[in-house]
2 protein chains.
Amino acid sequence: MPGPALVDDGKNTMASQLVDRLREAIVSGQLEAGSKINLERARGSFGVSLSPLREALARLISDGLVVFEDNRGYRVAPVSLSNLEEITRLREEFEVLALRQAIAIGTVDWEGDVMRALHRMNRIERDPSTPDTLERWEAYHREFHLTLIAGCRMPLLLNFCGVLLSLNDRYRRSFLRRTPGGDRNVAQEHGEIAQGAVARDADFACDRLREHIHRTGTNLQRHLADKLAP
Amino acid sequence: MPGPALVDDGKNTMASQLVDRLREAIVSGQLEAGSKINLERARGSFGVSLSPLREALARLISDGLVVFEDNRGYRVAPVSLSNLEEITRLREEFEVLALRQAIAIGTVDWEGDVMRALHRMNRIERDPSTPDTLERWEAYHREFHLTLIAGCRMPLLLNFCGVLLSLNDRYRRSFLRRTPGGDRNVAQEHGEIAQGAVARDADFACDRLREHIHRTGTNLQRHLADKLAP
DNA sequence: TTGACAGGAAAAATCGTTTTTTGTATCGAT
DNA sequence: ATCGATACAAAAAACGATTTTTCCTGTCAA
């Protein structure tokens with residue numbers, strides 16, 4: 001039998017594990033946007049009972065990944081151009097606000113965390129033929145953006161940014177699966193943001209971050225528009 | 001038997017009704033901040049079974065009114081000075097951002113909604129001896145602030161603002177129960193904001209709104225500081 | 001042909017019970 | 001006397017079964 005876990009990650013219950021599994025399934029596109037979530041079928045495929053499944057879905061409502069209507073059950077949140085535009089707009093405002101604060105009051109530990117997150121992300125080769133590396137890069141990418149702003153010490157704002165990041169990742173992972181980053185040098189953009197942050201150059205870092213988010217958003221909007229009106 | 005509802009408010013299930021009841025119980029201070037929520041006891045006092053209770057609490061997690069830990073159950077979210085400071089700061093940023101957008105693209109219907117919400121709020125006499133009027137004013141006050149920014153057509157941002165407003169109301173309703181508005185003329189502040197909004201004077205309206213939120217926040221912080229260190 | 005109505009299948013919501021985990025108090029050993 | 005292990009009680013989590021609601025389909029009448 002497997003020995004007891006050395007570290008308690010605080011995800012001991014079915015419901016909490018399901019939240020992560022469902023989020024990943026939705027963000028990765030495994031569960032199609034706008035589709036109904038049949039509870040009985042989901043119960044079977046995830047191998048759990050209805051109570052924890054229901055609880056996990058309820059927690060994902062406020063994350064914007066799941067929508068709910070009384071007596072009509074749960075659905076995967078739909079995607080739209082206006083939704084993507086709003087996400088991009090809010091990411092610019094929120095993440096820049098958080099980064100400016102982090103640069104103002106972040107500790108030395110935070111600086112180190114940023115550089116480590118940057119390094120780990122850049123070490124991954126994004127080989128489209130092996131989806132595994134892509135998914136790992138996605139995880140590190142999310143981690144980088146969250147670490148960058150984590151120094152601001154504003155839990156509510158960090159939570160909002162995390163929500164927006166998940167919503168944004170769903171668009172990226174459905175469109176940029178095979179062409180990560182488009183024609184831009186994303187690695188360089190990340191590098192400039194991180195360098196500016198640890199150098200405490202708020203204006204430079206925030207401008208780079210805003211441009212980075214805006215470019216990504218424009219990129220995704222083009223892909224989505226092409227898909228909706230081929 | 002009661003006839004069928006003329007309007008379907010979409011709150012037909014136990015769980016959905018419980019979300020509202022629990023939110024009201026927490027925001028009103030009926031459930032003390034930081035206290036454990038005993039499921040068995042709550043089941044009894046609310047007259048429902050465990051499944052919908054659990055589901056309702058799960059939905060309130062991301063609203064920031066409830067915190068959860070695996071195998072240790074649900075608790076009412078604690079209050080703190082730093083939490084109040086963050087709420088105030090974010091309300092300034094978010095609501096001003098939304099108001100500016102609403103003034104830019106809001107329809108004539110939106111203008112009418114704002115004036116109606118203002119009027120209804122001002123018609124209520126806030127008589128401290130009758131708690132009923134205070135609660136009704138609170139509801140109209142929340143409605144006013146949400147209506148003011150509703151014209152921006154940014155569902156995610158509106159949701160975030162609603163979350164922050166609920167969190168903020170909890171502080172106000174615990175401290176300003178007997179001294180609504182302090183020594184300020186709150187009605188005049190609301191009037192100026194609304195007038196500026198429908199006149200499409202973005203700079204004026206946004207400045208007044210920011211001041212309004214900031215003053216309320218400072219006011220509450222003083223009350224909370226007094227309570228924590230008497 | 002179209003519209004309303006009824007019946008049945010499917011899905012969701014709720015409940016009561018069982019299992020698992022946690023916190024606590026007691027007992028024993030060093 | 002202090003520390004550690006163990007047993008007991010209370011709370012939370014998960015499950016299976018039951019009830020309620022909705023959705024789909026086929027029928028009948030206008």
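The shown structure was predicted, so the numbers you read here are calculated from the model rather than taken from an experiment. Just so it is clear, the values below take in all heavy atoms, side chains as well, and ignore hydrogens, waters and symmetry mates. Here is how names work: the chains are called A, B, and so on, in the same order as the sequence lines, proteins then strands, and each is numbered from 1.
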Given C:dT14, D:dG16, C:dT22, identify the nucleotide with an atom nearest to the side chain of A:Ser49. D:dG16
Let me know the distance between CD of A:Glu55 and C1' of C:dT14, rounded to the nearest Å. 15 Å
List in chain and number order the residues that pass side chain to side chain contact (heavy atoms under 4.5 Å, CB included) with A:Asp63, two or more places apart in sequence or in another chain; answer none if no residue qualifies. A:Arg23, A:Leu60, A:Val163, B:Ser62
Value rounded to 0.5 Å, distance of CZ in B:Arg172 from CZ in B:Arg142: 10.5 Å
Below 3.5 Å between N/O atoms, which protein atoms pair up with nucleotides 9-11 of chain C? Just atom names and distances, please.
unit_1, atom_1, unit_2, atom_2, d
C:dA11, OP1, A:Asn38, ND2, 3.4
C:dA11, O5', A:Asn38, ND2, 3.1

Rounded distance in Å - CZ (B:Arg43) to C1' (D:dA12): 14 Å
Does one side chain, of A:Tyr171 or A:Asn83, offer a donor that lies under 3.5 Å from an acceptor on the other? yes
Residue pair A:Arg120 / A:Ile124, side-chain heavy-atom distance below 4.5 Å: no
Rounding to an integer number of Å, can you tell me how far B:Leu53 CG sits from D:dA12 C1'? 12 Å
Hey, does B:Glu55 have a side-chain heavy atom less than 4.5 Å from the side chain of B:Met14? no
Rounded to whole Å, please give me the gap between CG in A:Leu50 and P in D:dT18. 15 Å
Starting at atom CG of A:Asn12, determine the distance to atom C1' of C:dT19, rounded to an integer number of angstrom. 16 Å
Whole Å only: how far is the CD atom of B:Glu69 from the C1' atom of C:dG23? 13 Å
Rounded distance in Å - CG (A:Asp70) to C1' (C:dA12): 10 Å
Measure the distance from NZ on A:Lys36 to P on C:dA12 and round it to the nearest whole Å. 9 Å
Mind jotting down which residue pairs meet the salt bridge (charged side-chain N to carboxylate O under 4.0 Å, His left out) criterion with at least one end in residues 33-49 of chain A? Sequence neighbours excluded, please. A:Glu40-A:Arg43
If only side-chain N and O atoms of B:Asn71 are considered, is one of them under 4.0 Å from the OP1 or OP2 phosphate oxygen of C:dT22? yes
